[in-house]
Amino acid sequence: DAKTTQPPSMDCAEGRAANLPCNHSTISGNEYVYWYRQIHSQGPQYIIHGLKNNETNEMASLIITEDRKSSTLILPHATLRDTAVYYCIVRVADTDKLIFGTGTRLQVFP
Amino acid sequence: DAGVTQSPTHLIKTRGQQVTLRCSPKSGHDTVSWYQQALGQGPQFIFQYYEEEERQRGNFPDRFSGHQFPNYSSELNVNALLLGDSALYLCASSGRSARRAFFGQGTRLTVV
């Protein structure tokens with residue numbers, strides 16, 4: 001069963017920041033939060049992951065609450081190519097098993 | 001670096017037949033996982049192979065089986081195909097030093 005809940009869809013204007021929320025209230029202390037995205041019918045693409053600290057890379061930032069029960073993925077300047085389904089995932093501790101939910105469909109509009 | 005490659009890209013099979021899907025992991029990766037993604041759903045974990053052994057298994061029947069070869073490549077076999085097995089089958093590889101999985105483009109299986 002999925003360990004995360006996300007809104008089914010969101011819109012964002014091109015050039016603006018996209019903030020995608022995720023709840024993972026049952027996450028265990030040694031489980032990581034991962035974000036992947038999937039552009040239509042392609043394989044999921046890794047974005048970022050974290051355990052308890054905030055993380056930033058060239059694609060996005062990940063903000064994890066102090067109690068680790070929720071997180072937010074931030075795309076700082078969304079482009080039309082960021083239109084995709086975004087999955088917030090919990091990685092089962094000590095394995096590479098990913099438990100996907102149904103994701104958030106992000107639509108970036110001009 | 002070729003990344004994760006899967007073959008074939010598309011496949012049509014008849015109900016009751018058997019199918020074999022193939023996956024070559026990213027260079028340097030030793031763990032291969034398989035996922036099934038039905039239309040409109042997120043990927044569902046089937047099983048994972050490491051050191052040629054099935055290490056973990058999701059909630060899939062025994063009709064789904066796999067194999068990993070000494071070069072870390074992997075096969076997914078599905079017997080007695082059902083219409084409900086129609087889906088995108090994804091392979092993901094990972095390595096001990098990099099705790100992120102890389103996915104292939106998938107094999108689209110249609111059962112008629």
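Here is how names work: the chains are called A, B, and so on, in the same order as the sequence lines, proteins then strands, and each is numbered from 1. Just so it is clear, the model here is predicted, and its values are computed rather than measured.
Across all non-hydrogen atoms, the minimal contact from B:Gln41 to A:Tyr87 is O-OH, 3.7 Å.
Neither the backbone nor the side chain of A:Ile89 has a heavy atom closer than 4.5 Å to any heavy atom of chain B. With a 4.5 angstrom heavy-atom cutoff, B:Tyr50 does not touch chain A via any of its atoms. Residue contact with chain A, scored on non-hydrogen atoms closer than 4.5 Å, involves the side chain of B:Gln56 exclusively. Looking at B:Gln6, neither its backbone nor its side chain comes within 4.5 Å of chain A, counting heavy atoms on both sides. Looking at A:Arg91, only its side chain comes within 4.5 Å of chain B, counting heavy atoms on both sides. Of the atoms belonging to B:Gln48, it is side-chain heavy atoms, and not backbone ones, that fall under 4.5 Å from chain A. Neither the backbone nor the side chain of A:Gln45 comes within contact range of chain B; no heavy atoms are under 4.5 Å apart.
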Q | side chain to side chain contact (heavy atoms under 4.5 Å, CB included) between A:Gln42 and B:Leu90, intermediate numbers included | A | CA-CA 9 Å; A:Gln42 297 181 18; B:Leu90 295 161; over 6 Å; no
Q | Stepwise side chain to side chain contact (heavy atoms under 4.5 Å, CB included) check, A:Lys97 with B:Arg55 | A | CA-CA 10 Å; A:Lys97 176 181 176 181; B:Arg55 185 161 70 170; over 6 Å; no
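Between B:Phe103 and A:Tyr36 the shortest side-chain heavy-atom distance falls below 4.5 Å. With contacts defined as side-chain heavy-atom distances shorter than 4.5 Å, the pair B:Tyr35/A:Phe100 qualifies.
For A:Asn30, the CG atom sits in a packed shell: over 12 heavy atoms of surrounding residues, nucleotides or ligands are nearer than 6.0 Å. For B:Phe47, the CZ atom counts as densely surrounded, since its 6.0 Å shell holds more than 12 non-hydrogen atoms of other residues, nucleotides or ligands. Remark: A:Arg68 CZ is packed, more than 12 non-hydrogen atoms of other residues, nucleotides or ligands lying under 6.0 Å away. By the neighbour-count criterion of 12 heavy atoms within 6.0 Å, atom CZ of B:Arg63 is densely surrounded, having more than that number from other residues, nucleotides or ligands. By the neighbour-count criterion of 12 heavy atoms within 6.0 Å, atom CZ of B:Arg57 is densely surrounded, having more than that number from other residues, nucleotides or ligands. Within 6.0 Å of the CG atom in A:Leu51, the count of heavy atoms belonging to other residues, nucleotides or ligands exceeds 12. Counting heavy-atom neighbours within 6.0 Å of A:Leu80 CG, excluding the residue itself, gives a total above 12. A 6.0 Å sphere centred on OH of A:Tyr32 holds no more than 12 heavy atoms belonging to other residues, nucleotides or ligands.
Heavy-atom pairs under 4.5 Å with chain A were tallied for B:Gly58, B:Pro43, B:Gly104, B:Ser33; the largest tally goes to B:Pro43.
If you take CD1 on A:Ile48 and CZ on B:Arg100, they are separated by 10.5 Å, rounding to the nearest 0.5 Å.
Hydrophobic clustering places B:Leu83 together with B:Leu81 (ILVMFWY residues linked when any side-chain heavy atoms are closer than 4.5 Å, directly or through intermediates).
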